[in-house]
Amino acid sequence: MVTGERIQALAFAGLKELPAQFVRPDHERPENTKAVEGVTAPIISLSQPRNVVVKEMAAAASEWGFFLITDHGISPELIRRLQEVGRVFFELPIEEKEAYSNDPSHGKFEGYGTKMTKNHDEKVEWIDYFFHVMAPPSKVNYQFWPANPPTYREVTEEYNKEVLRVTEEVLELLSEGLSLERKALKGSLGGDEIELEMKINMYPPCPQPELALGVEPHTDMSAITVLVPNDVPGLQLWKDGHWVAVDYLPNALFTHIGDQIEILSNGKYKSVLHRSVVNKESTRMSWAVFCAPPPETMIGPLLDLVDKTNPPKFSTKTYAEFRYRKFNKLPQ
Ligand SMILES: O=C(O)CCC(=O)C(=O)O
Ligand SMILES: [Fe+2]
């Protein structure tokens, strides 16, 4: 077994065959579950009249749980710099990255990580990642942020400000799409205490990508997730019984509806099931920002959205409890 090794190190070793712990059972393999052709995820330009954006976003969130946002006001230059500092970090020698190793089984989620096998049946994902909190300032611990490259912090803080602006805008638009007042969703997610977490996903070239997965099918437990990938495609969405590949769209924000918005909207908006596939030649990277409530926030269907004919479809509990149950695969 080669558990304990980073995927980047494995890929660099020039394996011809995929080690057994990465080989998916038949029904999960990309070669047996290919994405359909001719279906594309919704693209929403924020430069349209507000009522049009509200309508398009509500439709996309209800039918897909996913949309690509364009004309969001984050400069292509800032996205390029964000990707540059992340790429430079992952190009550092392994030992330098290991100084940031996380330890999720002991509750230490921030830092450099790779999902290791827990038992013989569990398959490992073809991915290394870096994870840290970006907001609010009171929850940020810079000790977990890469010190190298030296511009990492400045660039990431600038991106944090911009993503915060866009996520607040998206939450307002989604609120209006539910005929609620603009601040309704943000208010229910902790207001200005709303948390943003950065996860840099790094998928090295894989010797047998048709047998492996980068990230297993899952829904995000966040409220929303805003992701920018590099130019290597790999994200797939589950829609109407098929996987749909999301094409690369430069500078677009790949926006996922997560579990907390699905719950607050009482199921009107869908938390999108998604996975990522890997690639033989190219390294894929993606920068996912999870926008989530503080742990003590009570999350349940909004009272304005439930009545006798629309009973609550989800129970109400703290985000901390939801997260604990999801991590431990307990029923919600
Ligand atoms: O890399 C991607 O496009 C998807 C990553 C993802 O789903 C996640 O980090 O939750
Ligand atoms: Fe995800």
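Counting starts at 1 for both ligands and their atoms, following the listed order. Please read these numbers as outputs of a predicted model, since none were measured by experiment. Values reported hereafter were calculated over all heavy atoms of this structure, with side chains retained and with hydrogens, waters and symmetry mates removed.
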Nearest 0.5 Å please: distance from the OG1 atom of T255 over to the NE2 atom of H72.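 So the gap between those two atoms works out to 8.5 Å.
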
Is a donor on one side and an acceptor on the other found under 3.5 Å between the side chain of Y269 and the backbone of L174?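 The answer is yes, because a donor-acceptor pair under 3.5 Å joins these two groups.
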
Can you sort out which atoms of ligand 1 are near [X], meaning under 4.0 Å from one of its heavy atoms?
X    : result
D220 : 10 (O)
L227 : 2 (C), 3 (O), 4 (C)
H274 : 7 (O)
N201 : 1 (O), 5 (C), 9 (O)
F290 : 9 (O), 10 (O)

State, with a plain yes or no, whether a side-chain heavy atom of [X] is found less than 4.5 Å away from one of [Y].
X    : Y    : answer
M57  : V52  : no
L237 : W64  : yes
V228 : Y159 : yes

Between [X] and [Y], is the ring centre distance below 6.0 Å?
X    : Y    : answer
H132 : F144 : no
Y100 : F89  : yes
Y129 : F90  : no

Report yes or no: is the cationic atom of R6 (NZ for Lys, CZ for Arg) closer than 6.0 Å to the six-membered ring centre of F12, at no more than 45° off its axis?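 No, R6 does not sit over the ring of F12.
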
What residue and atom, counting heavy atoms only, is the protein's closest point to atom 10 (O) of ligand 1, and at what distance?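 Nearest neighbour among protein heavy atoms for atom 10 (O) of ligand 1, to 0.1 Å: H218 NE2, 3.1 Å.
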
Who's the nearest protein heavy-atom neighbour of atom 4 (C) of ligand 1, and how far?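 Here the nearest protein heavy atom works out to Y203 OH, 3.7 Å.
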
For [X], is the nearest heavy atom under 4.0 Å from an atom of ligand 1?
X    : answer
R284 : yes
H256 : no
F254 : no
Y129 : no

Taking the Fe ion (ligand 2) as the reference point, name the nearest N/O/S atom of H274.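 That would be atom NE2.
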
With backbone taken as N, CA, C and O and side chain as the heavy atoms from C-beta onward, which portion of [X] lies under 4.0 Å from ligand 1: side chain, backbone, both, or neither?
X    : result
F131 : neither
R275 : neither
T225 : neither

Are the charged groups of R24 and E125 less than 4.0 angstrom apart, N to O?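 No salt bridge links R24 with E125.
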
Just to the nearest 10 degrees, tell me the angle at the Fe ion (ligand 2) spanned by H218 NE2 and D220 OD1.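 For NE2 of H218 and OD1 of D220, the angle centred on the Fe ion (ligand 2) reads 90°.
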
